[in-house]
Amino acid sequence: MFVSAECTPLSFKDFILIMPAVSVGNVGQLAVDLIVSTLNMCRVGYLHTDCLIPMAGNNPYATSAENANDLSTSAEVYSSPDLKLAVLQIRSPIIQKKSKKFRKLLVSWMKTSGFSRTVVLSSSHAYQRDDQQLLGTPLRYLLTPSMQKETGDHLKEMDWKEMETVSAFPGVSDSEQRLCIPGGGVTKGLFTASCAEDIPLAIVLIFCSEGDNIPDAFTLLNHLNTWLHLVETPVSAEIQTQPKWRIPASWRLLFGSGLPPALF
């Protein structure tokens, strides 16, 4: 459950919540890193749960020597009251047998916190796309019924592409269609649970492959920014410009440290 860093309980009523799914390429987590770092969001608490693999480390968003050694854990909450924005960062995998329990925890927290809407940033295996998903943009979205009423028409006007359903029995029969998000981790289960609980939730995802997924994170976040306007986009009449995101200090070690010279 959510534990506040303050002595007094926090209110997230009417805040927007952005969170990642632990999915292929960790794209959602990388995008959340950029949001927290760029907006200089303050840590306000953490999720206390046995559903995630425990971890602890230094401050991934350090800006000086004074805050570099601040302790970080597997699931922390950041807030920007001025923007009415909260961010949940998940840094470790969900324990396989506790995936359902973790979904219930998230849904319960979203309901009791009073978020106006929740946006889950996710990804799916590019190599498992069907024919209709190979064309056009690799970006997709999903909306729960309550979110569809609120913003569905707006996203269609922006030419966003909704996640397609695929045949349950490919090559045999196309009569039965289902939602399939391979590599998406908790994405599909969280979406289904939010539909059942009438929670306004949107999934924004990208098809990608494992590797250097930093470009995918920028692509996903730039796409999200056209909707939520988290940061301003520089205006240029000559070239198409993109928002400026601040890369966190922790990304210097994203692929480990350099090779020791002693090896050679």
Side-chain angles (χ1 to χ4, degrees), residues 1-6 8-22 26-47 59-63 67 70 72-91 105-122 139 141-144 146-147 150-151 154-155 158 160 187 190-191 194 199-206 217-234 242-248 250-251:
M1 189 56 68
F2 175 70
V3 179
S4 172
E6 306 289 339
T8 55
L10 293 170
S11 173
F12 293 116
K13 185 172 175 56
D14 297 328
F15 274 50
I16 296 174
L17 171 66
I18 299 177
M19 60 169 287
V22 182
N26 304 109
V27 178
Q29 292 156 295
L30 293 171
V32 166
D33 268 351
L34 290 169
I35 294 173
V36 174
S37 180
T38 302
L39 300 180
N40 197 26
M41 300 180 74
C42 297
R43 183 176 56 185
V44 294
Y46 61 92
L47 286 189
N59 182 8
Y61 312 119
T63 55
N67 64 8
D70 291 350
S72 294
T73 60
S74 55
E76 295 184 319
V77 180
Y78 297 81
S79 175
S80 175
D82 294 341
L83 298 176
K84 286 279 186 177
L85 179 68
V87 167
L88 168 63
Q89 177 62 297
I90 303 173
R91 298 193 176 94
L105 169 68
L106 289 176
V107 169
S108 174
W109 179 54
M110 286 187 284
K111 290 182 68 175
T112 57
S113 297
F115 294 112
S116 62
R117 64 179 73 166
T118 297
V119 180
V120 179
L121 302 181
S122 185
L139 297 154
Y141 78 92
L142 281 167
L143 302 177
T144 60
S146 56
M147 192 70 168
E150 179 184 334
T151 195
H154 178 55
L155 295 186
M158 294 171 61
W160 278 34
T187 306
L190 186 58
F191 176 74
S194 297
I199 292 175
L201 178 139
I203 306 289
V204 184
L205 65 83
I206 185 170
F218 279 107
T219 299
L220 182 65
L221 193 51
N222 288 336
H223 186 61
L224 178 70
N225 196 61
T226 62
W227 172 31
L228 297 184
H229 305 292
L230 301 172
V231 298
E232 292 184 4
T233 303
Q242 298 290 353
K244 292 184 178 180
W245 304 103
R246 183 192 300 166
I247 295 176
S250 56
W251 281 23

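Keep in mind that what you see is a predicted model, and the values were worked out from it rather than measured.
Remark: side-chain polar atoms of Ser37 are not paired, donor with acceptor, to backbone N or O of Asp33 under 3.5 angstrom. Judged by distance alone, the side chain of Asn225 and the main-chain N or O of Leu221 form no donor-acceptor pair under 3.5 Å. A donor-acceptor pair under 3.5 Å is absent between the side-chain atoms of Gln29 and the main chain of Val22, judged by distance alone.
Scanning both residues, Leu220 and Ser122, for their nearest heavy atoms gives CD2-O, 3.9 Å. Closest approach of Ala202 and Leu143 over heavy atoms only: CB-CD2, 3.5 Å. Considering every non-hydrogen atom in both Trp160 and Leu224, the closest pair reads CH2-CA, 4.2 Å. The nearest pair of heavy atoms linking Leu201 to Ser194 is CD1-OG, 3.4 Å. Closest approach of Ala31 and Ala217 over heavy atoms only: N-CB, 4.0 Å. Counting all heavy atoms, side chain and backbone alike, Trp245 lies closest to Leu230 at CH2-CB, 4.4 Å.
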Show the numbers, then the answer: is there a side chain to side chain contact (heavy atoms under 4.5 Å, CB included) between Leu139 and Thr219?
CA-CA 9 Å; Leu139 297 154; Thr219 299; 4.1 Å; yes
Between His223 and Ile206, is the side chain to side chain contact (heavy atoms under 4.5 Å, CB included) condition met? List the steps.
CA-CA 10 Å; His223 186 61; Ile206 185 170; over 6 Å; no
Any chance you could lay out the side chain to side chain contact (heavy atoms under 4.5 Å, CB included) test for Tyr61 and Asn67, step after step, and finish with the verdict?
CA-CA 9 Å; Tyr61 312 119; Asn67 64 8; over 6 Å; no
Verify side chain to side chain contact (heavy atoms under 4.5 Å, CB included) between Thr187 and Leu142, making sure each step is shown before the conclusion.
CA-CA 10 Å; Thr187 306; Leu142 281 167; 5.8 Å; no
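Listed by first then second residue, pairs satisfying salt bridge (charged side-chain N to carboxylate O under 4.0 Å, His left out) with a partner in residues 105-116 read Lys111-Glu197, not counting sequence neighbours.
Residues Ser74 and Ile90 fail the side-chain proximity criterion, which asks for heavy atoms closer than 4.5 Å. The closest side-chain heavy-atom distance from Ile199 to Ser146 is not below 4.5 Å. When side chains are defined from C-beta on, Asn59 does not count as touching Arg43, because their heavy atoms never get closer than 4.5 Å.
Here the OG1-CG distance, from Thr226 to Leu155, works out to 8.5 Å after rounding to the nearest 0.5 Å. Residue Asp14 holds its CG atom at 11.0 Å from CZ of Arg117, rounded to the nearest 0.5 Å. Atom CG of Leu190 and atom CE of Met19 lie 5.5 Å apart (nearest 0.5 Å). In this structure, NZ on Lys13 lies 11.5 Å from OG on Ser113, to the nearest 0.5 angstrom. For the atom pair OG1 of Thr118 and CD1 of Ile203, the computed distance is 9.5 Å after rounding to the nearest 0.5 Å. Separation of atoms OG (Ser72) and OH (Tyr46) is listed at 13.0 Å; rounding is to 0.5 Å.
Partners of Phe115 under the ring pair (Phe, Tyr, Trp, His ring centres under 6.0 Å) rule, at least two apart in sequence or in another chain, are Phe12, Trp109.
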Extract all donor-acceptor atom pairs below 3.5 Å that involve side chains of residues 77-87 and protein atoms in other chains or at least two apart in sequence.
{"from": "Tyr78", "atom 1": "OH", "to": "Glu76", "atom 2": "OE1", "distance (Å)": "2.9"}
{"from": "Tyr78", "atom 1": "OH", "to": "Arg91", "atom 2": "NH2", "distance (Å)": "2.9"}

